[in-house]
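Working notes, beginning with the structure itself.
Throughout, numbering of the chain's residues begins at 1 and tracks the sequence. Note that this is a predicted model, so its numbers are computed, not measured.
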Amino acid sequence: DIMLDKFFSYCYNPKVNEIETIEIARQNIQDHLANHDLVVPDPIPDYQIMFDPTDDRVFDPTNRWINSFSDNDYGRTFRGTHRDPELVLDNLSEALNNVAPYTAALMYHVLGNDKSVMDWFLNWLGWLVQERIKPGTSIVMHGVPGTGKNVLMEHVIRPIFGDDYFFEIRMDHLNDSFTGWMKEARMILINEANEVSMAGDGSKVGELLKNIITEQRLALRGMRQMTKTFDTYFGVIIASNSNTPVILDSSDRRFTVAERQEEPLDRIGEYVVKANFFHLVEQWESERSKVAELLYRIMLDHEMAHTALDNHAKTYMVDAGRTSTAEFCEMVKHGNLDYFLEAIPDDALQTTFSTTVLTMANTNKLMLQRFLNNIGEPMAVTADELRLLYMMMTGATQNINPIKFGKMLIKNGLPLRGGLRRNDTGRKTFRGLTIKWVLVSTTVEDAMNLVDTAWRSSSTNLTAADNPPDFLLQ
């Protein structure tokens, strides 16, 4: 093989269009061929051995090309089958239940009893068996132990894609130096992921995971080999018992997250799982051909195969990994004033910004009232007001250095702008942001009452003598 600089023997069966290749050490070539009544050719011909599930060719002697991928019985039987116009995204779960009810029940349970995720997953699997190229998306399945994740993989997914092309690894294996096995993978199951960060800069493993999901060409290295670039053709499934297998960024477009399954798989149809597991295995095996045929006959929704679902489970994963700083900046970007009103502390007078509690309380109150008076209109907000808002939201009790705060905003995509000026004043310009505040869950009147009540005290009256800092223009 001219790519790997290795020697192989091959045996081609044209009747079934199958080829078997065997790696041979150079010193053993003569003995190997002699066992088959052959002599060593001179010169030994150069061939290119490639793994390409998208190419139906197996052996091309004219171009000295060999495909190391060999379809299994399901592929040979159903590849090229006429696609059924009734097998479309919205009814794939029902269609699977009609032809393979035990498999459908297992899959539905593993995916958190969520039909929309199950429809998406079946379309995604259909893409991988029909188109045989990376969809650029992945799915996360998580739940308590015993929900059936590994059962689904071992008795449904692995056999359909083929034992030789299904690889199960742990997340830390992505850090291994030797990754050459990926070039002949069609499905990779990553088991027991736990809080792998995809948010912000992410972790090293997280960045590697992003790369293998989306990039078709990967730099891979086998043992005792140099790193080379190969086309890859696999999908990635992440399965875990963790509440947060991956930490996602709000802008993520790679991962569909199934709802977490909190109940073990106790029963499927008439069978109690623990008492009748081997009977269920027989059912899943008997349905497997029907499942494969359905996947090959789906009228694919190409766009959805490349698009991750946005749902409650994914929002939870995003929120779980978001720091208070990132969350603050995200809410400021969207002008979400509801979020900041909900963050008003129970004892608002204890929020301090200076040595004078009353000054701080009056400042908080006037600032939020001014925001509410400008709902729906772009308004200039000073850097100091943002700093005050941040302290109120995080419960900080010490003043934050303005320069450090400004750098924090820049890191989260909120660079301050100079030259801003209030619409209602001719005073000097300042640094800050232009924000259009919005209210969704309450009215302006109710929000005003909330602010007024939060900073009202029976023992303390806020008076004009407690003048707010200069940055809060009245």
Side-chain angles (χ1 to χ4, degrees), residues 1-8 21-23 25 46-55 57-58 60 63-70 124 127-129 131-140 161-239 245-249 251-256 305-306 308:
D1 175 49
I2 58 176
M3 185 77 168
L4 299 176
D5 192 24
K6 290 185 175 183
F7 294 93
F8 294 85
T21 57
I22 303 172
E23 184 179 347
D46 287 339
Y47 267 68
Q48 186 176 22
I49 301 176
M50 296 182 65
F51 180 84
D52 187 354
T54 66
D55 197 325
R57 291 179 303 159
V58 169
D60 185 348
N63 294 302
R64 294 189 174 183
W65 182 89
I66 291 174
N67 193 350
S68 61
F69 169 74
S70 178
W124 184 79
W127 172 272
L128 285 163
V129 301
E131 300 298 325
R132 302 188 173 189
I133 58 177
K134 284 185 174 180
T137 50
S138 176
I139 187 166
V140 178
F161 284 87
D163 283 340
D164 292 339
Y165 310 126
F166 183 102
F167 293 84
E168 181 178 350
I169 64 170
R170 297 182 67 86
M171 189 67 76
D172 55 5
H173 290 169
L174 295 180
N175 275 324
D176 289 352
S177 299
F178 307 118
T179 53
W181 55 270
M182 289 188 191
K183 71 184 178 68
E184 295 198 354
R186 291 196 63 206
M187 183 64 75
I188 297 176
L189 169 65
I190 301 178
N191 238 327
E192 300 311 323
N194 183 31
E195 296 190 357
V196 179
S197 178
M198 308 288 161
D201 293 334
S203 64
K204 179 182 177 182
V205 172
E207 291 303 310
L208 289 170
L209 180 56
K210 288 180 184 179
N211 196 45
I212 70 167
I213 289 172
T214 56
E215 299 301 320
Q216 181 173 342
R217 291 186 63 78
L218 295 175
L220 305 174
R221 182 188 175 204
M223 293 185 66
R224 298 183 295 277
Q225 294 179 19
M226 298 292 290
T227 299
K228 292 184 174 66
T229 302
F230 296 91
D231 286 323
T232 52
Y233 303 90
F234 54 79
V236 176
I237 296 173
I238 297 172
V246 292
I247 303 299
L248 301 178
D249 191 273
S251 61
D252 173 74
R253 297 293 179 269
R254 295 176 180 86
F255 293 93
T256 286
H306 300 300

### Message
Can you tell me which residue among I190, V140, D252 is in a side-chain contact (heavy atoms from CB on, under 4.5 Å) with V246?
### Response
V140

### Partner set under side chain to side chain donor-acceptor pair (under 3.5 Å) for S68, not counting sequence neighbours
E184

Could you pull out all donor-acceptor pairs under 3.5 Å where a side-chain atom in residues 230-237 meets a protein atom, sequence neighbours excluded?
{"unit_1": "D231", "atom_1": "OD1", "unit_2": "R217", "atom_2": "NH1", "d": "3.1"}
{"unit_1": "T232", "atom_1": "OG1", "unit_2": "K134", "atom_2": "NZ", "d": "2.9"}
{"unit_1": "T232", "atom_1": "OG1", "unit_2": "Q216", "atom_2": "O", "d": "2.6"}
{"unit_1": "Y233", "atom_1": "OH", "unit_2": "D52", "atom_2": "OD1", "d": "3.4"}

### Heavy atoms from other residues, nucleotides or ligands near CG of N175 exceed 12 (cutoff 6.0 Å)
yes

### Query
Measuring from F51:CZ to R186:CZ, what's the distance to the nearest 0.5 Å?
7.0 Å

#### Entry: Gap separating the CG atom of D5 from the CZ atom of F7, nearest 0.5 angstrom
7.0 Å

### Task
Specify the closest pair of heavy atoms between G136 and T214, including all atoms of both residues, with the distance to one decimal.
O-CG2, 3.8 Å

### Summary
Taking every heavy atom of M187 against every heavy atom of L128, the minimum-distance pair comes out as CE-CD1, 3.6 Å

### Message
Quick check: closest heavy atoms across L220 and G180, and the distance to 0.1 Å?
### Response
CB-CA, 4.2 Å

### Task
Working to the nearest 0.5 Å, report the span between CG of L208 and CG of D172.
11.5 Å

### E131: partners by side chain to side chain contact (heavy atoms under 4.5 Å, CB included), with sequence neighbours left out
R83, W127, I133, L300, H302

#### Entry: Full working for side-chain contact (heavy atoms from CB on, under 4.5 Å) between L209 and I238
CA-CA 10 Å; L209 180 56; I238 297 172; 3.7 Å; yes

### Query
Centres of the Y47 and F8 rings: under 6.0 Å?
no

### Task
Find out whether L174 and I169 are in side-chain contact, i.e. whether some heavy atom of one side chain is under 4.5 Å from a heavy atom of the other.
yes

### Message
Check the orientation of Y165 and F69. Use parallel for under 30°, tilted for 30 to 60°, and perpendicular for over 60°.
### Response
tilted

### Task
Using modelled atom types only, decide if a donor and an acceptor are shared between the side chain of D1 and the backbone of K6 within a distance under 3.5 Å.
no

### Query
Roughly how far, to the nearest 0.5 Å, is CD of Q48 from CD1 of I66?
10.5 Å

### Query
Charged N to carboxylate O under 4.0 angstrom, E207 versus K210?
yes

### Spacing of F255 atom CZ and I139 atom CD1 [to the nearest 0.5 Å]
11.5 Å

### Query
Within the side chain of N67, is there an N or O that forms a donor-acceptor pair under 3.5 Å with the backbone of D55?
yes

### Minimal non-hydrogen separation, A308 against T256, with atom names
CA-OG1, 3.3 Å

### Query
Which heavy atom in H306 sits nearest to a heavy atom in P135, and how many Å separate them?
ND1-O, 2.8 Å

### Query
About how many Å separate CE of M182 and CD1 of I212, when rounded to the nearest 0.5 Å?
4.5 Å

### Task
Give the minimum heavy-atom separation between T54 and R132, together with the two atoms involved.
CG2-O, 3.4 Å

